[in-house]
Amino acid sequence: QVKRLASWASEKISQLFKALRDKLKQWFDDFKEWALDMIEKARRWVVDQLEKLRGWLHEKVEKYLGRFPAVARVFHGAIDAGIDFTQATVNATAEGLKKTVTWVVDGIAKAVDTALALVEGVAQLALWGICNAVVLGVNVVVLLVDQDIEALIELIRDLPEPAVLGPLW
């Protein structure tokens, strides 16, 4: 009866921790998706601003140097090279940031999942330790009631030695 109850409780503990771990995994995945989306939006905004700057600079070159086509071409080329380089740097930085965010969030999620697995293991261990103690207690009471002292002594001798305390005698 006690072991059946402990098995039921063990299953409920497993279900509880699975639900908790699944919920936290979903939360971390949602957070990661949001963070990556924010990085992408920021990247697109910066690239768009750089394109606007490119257009504005080209207009100024045409306005002030349009009468000197050879000089204007040099400035247009320098503007395009500078903006292209800056956009490539922004894109590479955004990709690196995305990889870093993914690595950090996945790492934290794994650490939390591992910690929950450890807590679940401790809870299961405690449950089964209590169950075994109750069964042992019932057996001792039965042996005392039956006045079977020899069987009680044998039961005590068969107990495992506590790892921390060493031998019982």
Side-chain angles (χ1 to χ4, degrees), residues 1-53 83-169:
Q1 209 50 336
V2 172
K3 291 208 180 215
R4 194 168 70 221
L5 178 60
S7 291
W8 176 85
S10 176
E11 181 62 29
K12 294 303 175 189
I13 288 171
S14 293
Q15 290 172 2
L16 171 71
F17 275 92
K18 183 179 181 334
L20 181 58
R21 291 164 76 185
D22 288 348
K23 184 55 81 174
L24 285 171
K25 182 185 181 319
Q26 183 62 51
W27 184 86
F28 279 112
D29 288 346
D30 290 348
F31 176 78
K32 181 173 61 176
E33 183 180 331
W34 173 83
L36 296 177
D37 186 53
M38 291 296 106
I39 293 167
E40 181 57 25
K41 285 179 180 177
R43 184 201 66 78
R44 278 197 311 261
W45 182 84
V46 171
V47 167
D48 288 346
Q49 297 309 306
L50 288 168
E51 284 301 320
K52 289 178 185 177
L53 177 62
I83 296 294
D84 290 346
F85 175 79
T86 305
Q87 286 177 336
T89 302
V90 166
N91 289 335
T93 301
E95 286 307 310
L97 188 54
K98 287 177 185 179
K99 287 179 182 176
T100 301
V101 165
T102 297
W103 182 79
V104 168
V105 172
D106 288 349
I108 292 170
K110 182 66 175 169
V112 168
D113 187 67
T114 300
L116 285 174
L118 179 64
V119 171
E120 179 183 359
V122 168
Q124 293 285 359
L125 184 63
L127 171 69
W128 285 104
I130 291 168
C131 172
N132 289 333
V134 168
V135 169
L136 176 63
V138 168
N139 287 339
V140 168
V141 168
V142 166
L143 291 173
L144 286 174
V145 168
D146 289 345
Q147 297 180 359
D148 190 352
I149 300 302
E150 290 301 318
L152 179 59
I153 292 170
E154 192 60 33
L155 178 67
I156 292 172
R157 284 191 179 136
D158 288 343
L159 289 174
E161 294 182 6
V164 176
L165 299 177
L168 292 177
W169 36 75

- Message: Working note: Asp48 + Lys52, criterion salt bridge (Lys or Arg N to Asp or Glu O under 4.0 Å); need CA distance, chi angles, decisive distance, verdict.
- Response: CA-CA 6 Å; Asp48 288 346; Lys52 289 178 185 177; over 6 Å; no
- So Lys18 and Glu120, salt bridge (Lys or Arg N to Asp or Glu O under 4.0 Å) or not? Walk me through it. CA-CA 9 Å; Lys18 183 179 181 334; Glu120 179 183 359; over 6 Å; no
- Can Asp106 and Lys110 be counted as an ion pair, charged N to O under 4.0 angstrom? no
- Calculate, to the nearest 0.5 Å, the distance between atoms CE and CH2 belonging to Met38 and Trp34 respectively. 6.0 Å
- Query: Of all heavy-atom pairs between Leu53 and Ile83, which one has the smallest distance, and what is that distance?
  - Reply: CD2-CD1, 4.0 Å
- Test item: Gln124 side-chain N/O and Ser10 main-chain N/O as donor-acceptor pair under 3.5 Å: yes
- Excluding sequence neighbours, so at least two apart, what forms ring-ring contact (aromatic ring centres under 6.0 Å, His included) with Trp27? Phe31
- Item | Among Arg43, Arg44, Gln49, the one residue meeting side chain to side chain contact (heavy atoms under 4.5 Å, CB included) with Val90 | Arg43
- Item | Side-chain heavy atoms of Asp113 within contact of Leu24, under 4.5 Å | no
- Item | Neighbour count above 12 (heavy atom, 6.0 Å) for Glu51 CD | yes
- Can you name the nearest heavy-atom pair linking Phe28 to Val105, along with the distance? O-CG1, 3.6 Å
- Any ion pair linking Lys41 and Asp37 (charged N to carboxylate O, less than 4.0 Å)? yes
- Query: Could you give the distance from CD1 (Ile39) to CG (Leu97), rounded to the nearest 0.5 Å?
  - Reply: 3.5 Å
- Message: For the OG1 atom of Thr100 and the CD atom of Glu95, what is their distance to the nearest 0.5 Å?
- Response: 11.0 Å
- Message: Distance alone, cut at 3.5 Å: any donor-acceptor contact between the side chains of Asp22 and Gln26?
- Response: no
